[in-house]
Number of protein chains: 2
Amino acid sequence: MKSNVNNMSTLPTSAPPAAKGNVQAWIYDQIFAAILEQRLAPDTKLAEDTLGEIFGVSRTVIRTVLQRLSHDHVVEIRPNRGAVVASLSIEEVRDVFEARRVIENGAIELACQRREKNDISVLKSLVEKEQAAFEGNDKGAWIRLSGEFHLALANIAGNETLGDTLRSLVSRTSLAISQYETPGQSACSQKEHFAIIDAIDAGDVKAAQHEMTQHLAECEAKLDLDEQENGTDLRAIFSNVRVNNEKSGNLI
Amino acid sequence: MKSNVNNMSTLPTSAPPAAKGNVQAWIYDQIFAAILEQRLAPDTKLAEDTLGEIFGVSRTVIRTVLQRLSHDHVVEIRPNRGAVVASLSIEEVRDVFEARRVIENGAIELACQRREKNDISVLKSLVEKEQAAFEGNDKGAWIRLSGEFHLALANIAGNETLGDTLRSLVSRTSLAISQYETPGQSACSQKEHFAIIDAIDAGDVKAAQHEMTQHLAECEAKLDLDEQENGTDLRAIFSNVRVNNEKSGNLI
DNA sequence: ACAGAAAATATTGTATCCAAAACAAATTAC
DNA sequence: GTAATTTGTTTTGGATACAATATTTTCTGT
């Protein structure tokens with residue numbers, strides 16, 4: 001009842017259609033995976049009717065799936081205006097990384113207390129798979145496996161609540177990457193992952209936390225998070241400009 | 001755009017019916033508040049039809065609301081068997097408190113960095129309201145305000161993601177209390193809240209974290225979390241008993 | 001030709017309807 | 001009388017129909 005391998009919080013993969021009755025879960029996974037693997041870009045409209053036709057179900061079930069996805073912060077539902085693939089503001093991306101630092105360092109503390117013999121080897125084999133995907137240029141698999149490593153870590157911590165929270169944050173990190181990544185910058189994070197594993201293996205909480213903090217900071221640094229022309233800031237950028245329209249006609 | 005007072009993650013209160021169009025949000029708040037204030041006990045069945053009649057809407061909107069509540073882990077939806085007020089296992093309660101320790105200690109670190117002049121007084125007035133509710137024996141308000149304090153703290157930390165996560169955890173804590181509280185044990189947590197505030201006011205991260213850890217541990221200790229006869233363990237408890245039915249007739 | 005208004009179209013929100021599953025009751029077999 | 005099966009009722013899951021709200025297109029006046 002308190003094993004480390006059951007009920008693991010995992011990321012959706014493009015699994016087979018599943019048995020009957022699970023259509024809903026299957027569609028959920030399909031859309032989720034498409035977003036995480038960046039086949040659906042942020043702000044893409046997700047019309048209920050269209051999706052219903054694609055998956056051969058009515059709007060009803062699409063609607064519940066979209067609601068679940070919006071709870072995961074992976075799609076955004078705007079009242080009366082439908083759902084779109086979520087788009088994170090720079091502020092939100094910073095928050096997500098900060099939250100991850102807090103939660104994952106907490107998870108490390110617990111993982112060091114509760115780790116069992118073969119936990120470390122499980123982690124290592126995950127990172128090896130990740131490395132293979134990276135070297136094979138399978139970006140989708142790489143992003144997914146990279147997240148899977150962090151979830152496996154939370155899993156060793158043995159706290160399902162914390163694991164679920166992290167799952168949501170990891171998904172949003174993938175979204176953030178697809179939105180803000182800088183072209184050539186996909187460096188190998190596996191080295192950092194191995195460093196974290198080694199510190200945990202040695203039972204050195206502080207060191208592991210330091211590596212994790214470092215790792216997350218590097219991930220964030222690889223993104224292009226400089227404030228630039230967003231729709232909302234357009235006004236500020238052109239604050240010096242004064243145009244002759246009827247409302248500001250008395251100025252200048 | 002980065003104020004500490006806007007977009008605060010808050011607990012639902014029995015607010016007025018709201019404008020038109022927001023019926024859904026209103027019903028959500030009504031049910032949520034009823035659960036948090038313990039007017040709806042864990043495992044209470046929440047039939048779609050009944051709720052629809054009560055609130056004068058169709059099952060469709062009730063279903064949406066129940067789905068949202070289940071995302072918050074406040075109700076549980078069992079496939080083909082409807083929704084009930086969520087009931088936490090002892091394991092889950094422990095996880096929730098552990099997760100809160102991790103997240104709230106992280107929030108304290110951030111709050112100490114980012115606190116502004118009147119943040120402390122806001123916290124203090126919240127705890128004073130809490131004390132009033134406690135002394136006035138208004139248990140519903142007390143539980144809500146007690147949670148509100150923790151959310152205000154996360155709010156000062158200025159990380160909305162962390163705040164949302166904590167909101168969910170605080171709700172589940174209320175549920176845990178209603179399920180596992182020991183009769184006479186509702187001691188005043190206000191003293192501990194004030195201690196946390198003072199430490200933050202002094203900018204002493206370590207001390208504040210220590211107080212928080214202590215506070216959460218005391219809350220958890222007030223609950224009756226001893227393993228006892230759960231339905232699942234009945235079999236183990238009566239493992240010595242052998243009854244004469246056709247299947248075990250050959251034994252004894 | 002362009003801006004604004006108005007009509008047409010498309011999409012979401014809600015209610016209702018039907019099918020499938022779960023639950024409760026009653027009947028039957030032993 | 002008890003256990004199991006069958007029947008009837010209730011409740012959920014999903015599809016469709018209709019209403020309300022956006023969005024797009026067309027039309028009109030300057």
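Rounding to whole angstrom units, CD1 of residue A:I62 and P of D:dT16 are separated by 13 Å. Look at CD1 on A:I27: it is 12 Å from C1' on D:dG14, rounded to the nearest Å. Taking atom CG of A:N22 as the reference point, atom P of C:dA21 lies 13 Å away to the nearest angstrom. Here the P atom of nucleotide D:dT11 and the CG atom of B:L66 are 14 Å apart, to the nearest Å.
Taking 4.0 angstrom as the limit, B:S58 places a side-chain polar atom (N or O) nearer than this to OP1 or OP2 of C:dA15.
Scored by the side-chain contact (heavy atoms from CB on, under 4.5 Å) test, B:K129 finds B:L145 as partners (sequence neighbours excluded). Remark: B:E92 pairs with no residue by the salt bridge (charged side-chain N to carboxylate O under 4.0 Å, His left out) rule, at least two apart or across chains. A search for side-chain contact (heavy atoms from CB on, under 4.5 Å) contacts involving B:V102 returns A:V102, A:L162, not counting sequence neighbours. Applying the salt bridge (charged side-chain N to carboxylate O under 4.0 Å, His left out) rule to A:R172 yields no partners; only residues at least two apart in sequence or on another chain are considered.
The side chain to side chain donor-acceptor pair (under 3.5 Å) pairs that include a residue from residues 57-67 of chain B are B:E48-B:R59, B:S58-B:T60, where partners are two or more places apart or lie in different chains.
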Counting primed atoms, P, OP1 and OP2 as sugar-phosphate and everything else as base, the B/S/- map of nucleotides 6-13 of chain C against protein heavy atoms under 4.0 Å is -----SBB

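Taking every heavy atom of both residues into account, B:V84 and B:K45 meet most closely at CG1-CA, 3.9 Å.
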